[in-house]
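The structure appears right after this line, and notes come after that.
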Amino acid sequence: MSTTMATISSIPAETLSEIFLYHVAVNTIDPLRRGWSYKWAQLRLVCHAWNEVLNYAMFWKNVPVTSPRAMELVLAHSVQTDLYMRGLVTSAVEQADRRKLALMLGSAGRIKELDLWVSEEVIRAFNAPTLEIKRLALKKVPGSNVAPGQDPSTLLIRFQSPALKTLTLENFIWKEIKPMFNDVIEDLTLDELRGIRLQEFITTMQGMKNLRRLDTNRDNWSALQYALPGGIEELSIRGQRRIDGDSFLEALDTLPNLVRLNLESGLTPPFDDPPTHTLAGLESISCMVGRSEDVKCLTFIAAPTLRHIQLQSSGMCHETDEDHRRTLRLVQPLLDQVVRNCPPRTAQFRSSPQYLCIAFTKEPTALVQPDEGIHLKLSMEFRHGMLNFMTTFFKDILERIENVYISDGDYCEKTNLKAWHKVFRVMHNVRSLHLERKGAKVMPEGLHHYEEDGICHTVFPKLEALFLDDVQFCPQRRKNQGARFSTAKTKKRSFIADLKRSFKLRDAAQNENNLTQEDRTLFQLVISNATRLYPSDVEALKKLGVEVVWDSITRRK
């Protein structure tokens, strides 16, 4: 232990601060309180050196507007540092909210980002300029009392800034937000916008020459379809109700620079067969699908540079497996375009009681941007039927796959096993297979081999490496509860027994194909976080010609 601490203590403070910054970045958001968590601050108790590094102002720029005490603590460490504030303040009368407001006003000149659930009375009381603010997100909560006679156009002018690039507004009226719309804004999110004056709205929106990203609720579409600035590169439309497909396609003609399209609101099918709309720069399409009709409009879009398409079921009760099949057939030209522009080498599968998730990408999505490849998240009534359909529908893609990842999930239904096996038998070029926890359940009784007519065949003939993460190798035996149960054993199959059998079948398959010793693939088995794995089992695997790499810390003796 002392040697380890001595090694850590020798790390320069600059390097240690970079390590801590990464740790803080992934452990700060507290979604339940709409603020930032400072649990990472417990690291200051480890030693004096860590405490000194973690007192640097760079670690204290995120100010949780959740309690005056938390704000005071963070602000005391963040002198002369840019501030990012997030939280809730709704009353200008209650003592706690008044204190939070005072602390914000005292630091207003350093605020770079402000994300608040806020009342109108608090906005009116915010009387300090925020000239350095770059991102503003306000959700106005109803129920606050404001003195009559207030001019709505003056409500948000206190947040005007030449540096403001990103603006998110929810539950405001048009007169309140109009002064904030200018040619500086690049990223705009509008939700629950009321009182729009159409011609005035169109003129103002089209004057936003630098607007690149627009995220809006479906309820605003009737006005926005005429007001979209031509420079928009990313368009997102949300909402429960469907929008008119014909007007949507017409609006796309005004967006020559569109790169990303995100549709969480359904589209009605076009009234007639419209002409094909070519979007030369479109690279990504994400669509929430309630029924196959929702993607009918997409069949009239040509996207020669498309690299990503994502289809997700909305989970509505009228969805059927046959409707999913129709959906995939309708968008097949777009899927083919993605495959041409982004040839898939990796397949990732994840199963839950509600959804089956499939991704075809160049690399694992954890290592690349999620806007690449084909991503499907479909709710299914009979999973084995859809898997059989996808084996045929995606046959050309499955034959290209070199890496397979099967994540932890719900794979327990035995009726689905034959369908999974059918999928895997199409994948002739797989070289690495990754199984996580219950993902191993899709390959019982031999991981990559099968017997037919007394002859052993290889499912993954080019498989070179098998990675097992958090897999339970032997089932848990019953505890000794007296003589009656002293010799009782579980009836569950042993995963390690299936694994050994798999490699015996592999050897038999290679003998059947008359492979010489030189032609046989050197197979590597990598085991991480093994549960109930015994050294005798590892030795048995090595005798079968397997190179085993395993975690010596978590193995069982």
Side-chain angles (χ1 to χ4, degrees), residues 313 319-325 328-329 344 346-360 374 376-463 466 468 471-473 475 491-506 508-509 512:
S313 295
E319 291 173 345
T320 64
D321 293 349
E322 182 55 40
D323 202 51
H324 287 322
R325 295 185 181 98
L328 292 174
R329 292 190 186 102
T346 301
Q348 295 178 269
F349 301 95
R350 189 175 78 253
S351 179
S352 71
Q354 295 80 25
Y355 294 99
L356 174 65
C357 301
I358 301 176
F360 299 117
I374 298 172
L376 306 175
K377 185 177 181 182
L378 304 177
S379 60
M380 297 181 181
E381 186 176 2
F382 301 106
R383 194 152 299 184
H384 61 277
M386 276 299 296
L387 284 170
N388 288 332
F389 168 76
M390 289 185 175
T391 302
T392 304
F393 185 82
F394 288 117
K395 184 175 184 296
D396 292 341
I397 295 178
L398 293 172
E399 289 178 343
R400 299 185 182 197
I401 298 301
E402 297 179 5
N403 309 295
V404 178
Y405 290 76
I406 304 179
S407 302
D408 184 29
D410 180 25
Y411 303 93
C412 296
E413 292 188 26
K414 293 184 179 179
T415 56
N416 297 331
L417 294 180
K418 288 185 178 180
W420 280 109
H421 201 186
K422 193 173 181 180
V423 173
F424 301 141
R425 286 176 65 174
V426 179
M427 308 169 81
H428 307 302
N429 291 304
V430 172
R431 297 184 180 277
S432 69
L433 175 62
H434 302 245
L435 302 178
E436 179 187 13
R437 304 191 70 180
K438 294 181 180 179
K441 291 183 177 292
V442 300
M443 295 181 178
E445 302 180 6
L447 292 176
H448 45 274
H449 304 277
Y450 69 100
E451 291 178 288
E452 189 176 84
D453 299 328
I455 301 175
C456 182
H457 301 271
T458 303
V459 176
F460 298 133
K462 298 182 180 180
L463 191 63
L466 173 63
L468 302 175
V471 171
Q472 181 171 306
F473 286 82
K491 294 182 179 180
K492 291 183 178 180
R493 292 182 59 88
S494 169
F495 180 80
I496 190 65
D498 288 336
L499 190 62
K500 294 175 185 176
R501 177 179 177 274
S502 175
F503 290 114
K504 289 180 181 178
L505 292 175
R506 176 178 180 270
E512 185 68 30

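Worth knowing before you read on, the calculation uses all heavy atoms, side chains too, and leaves out hydrogens, waters and symmetry mates.
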Minimum-distance pair of heavy atoms, taken over all atoms of Pro461 and His428: CG-O, 3.5 Å
Do you know the tightest heavy-atom contact between Ala347 and Met427? CB-CE, 4.1 Å
Going by side-chain contact (heavy atoms from CB on, under 4.5 Å), name the residues that satisfy it together with Lys377, two or more places apart in sequence or in a different chain. Gln312, Tyr355, Cys357
Just to verify, what does Arg431 make a side-chain contact (heavy atoms from CB on, under 4.5 Å) with, not counting sequence neighbours? Lys462, Glu464
Partner set under side-chain contact (heavy atoms from CB on, under 4.5 Å) for Glu402, not counting sequence neighbours: Arg345
Taking the side chain as every heavy atom from C-beta outward, state whether Leu328 and Met390 have any pair of such atoms under 4.5 Å apart. yes
Give the intermediate values and the outcome of side-chain contact (heavy atoms from CB on, under 4.5 Å) for residues Trp420 and Ile406. CA-CA 11 Å; Trp420 280 109; Ile406 304 179; 5.6 Å; no
Could you list the residues that satisfy side chain to side chain donor-acceptor pair (under 3.5 Å) with Arg383, not counting sequence neighbours? Ser351
Could you list the residues that satisfy side-chain contact (heavy atoms from CB on, under 4.5 Å) with Thr346, not counting sequence neighbours? Gln348, Thr361, Pro364, Asn403, Tyr405
Spatial distance of atom OG (Ser407) from atom CZ (Arg437) [nearest 0.5 Å]: 12.0 Å
So how far is it from Arg350 CZ to Leu356 CG, rounded to the nearest 0.5 Å? 9.5 Å
Give the minimum heavy-atom separation between Phe389 and Arg329, together with the two atoms involved. CE1-NH2, 3.5 Å
Report the distance from atom CD1 of Ile397 to atom CD1 of Ile374, rounding to the nearest 0.5 Å. 4.0 Å
Any side-chain to backbone donor/acceptor pair from Asn416 onto His384? Under 3.5 Å, distance only. yes
Taking the side chain as C-beta and beyond, is there a heavy-atom pair between Val442 and Phe424 under 4.5 Å? yes
Would you check if Phe473 and Leu499 make a side-chain contact, meaning some heavy-atom pair closer than 4.5 Å? yes
Could you check whether any side-chain N or O of Thr391 sits under 3.5 Å from a backbone N or O of Leu387, counting only pairs where one atom can act as donor and the other as acceptor? yes
Let me confirm one number: the CZ-CE distance from Arg325 to Met386, rounded to the nearest 0.5 Å. 5.5 Å
Scanning both residues in full, the closest heavy-atom pair of His324 with Ser313 reads CE1-OG, 3.0 Å
Rounded to the nearest 0.5 angstrom, the CG-CZ distance for Leu433 and Phe460 is 5.5 Å
For Glu399, the side chain to side chain donor-acceptor pair (under 3.5 Å) test, sequence neighbours excluded, returns Lys395
Could you tell me the separation between the OG atom of Ser432 and the CG atom of Leu466, rounded to the nearest 0.5 Å? 9.5 Å
Pro353 and Asp410: which non-hydrogen atoms are nearest, and at how many Å? CG-OD2, 3.7 Å
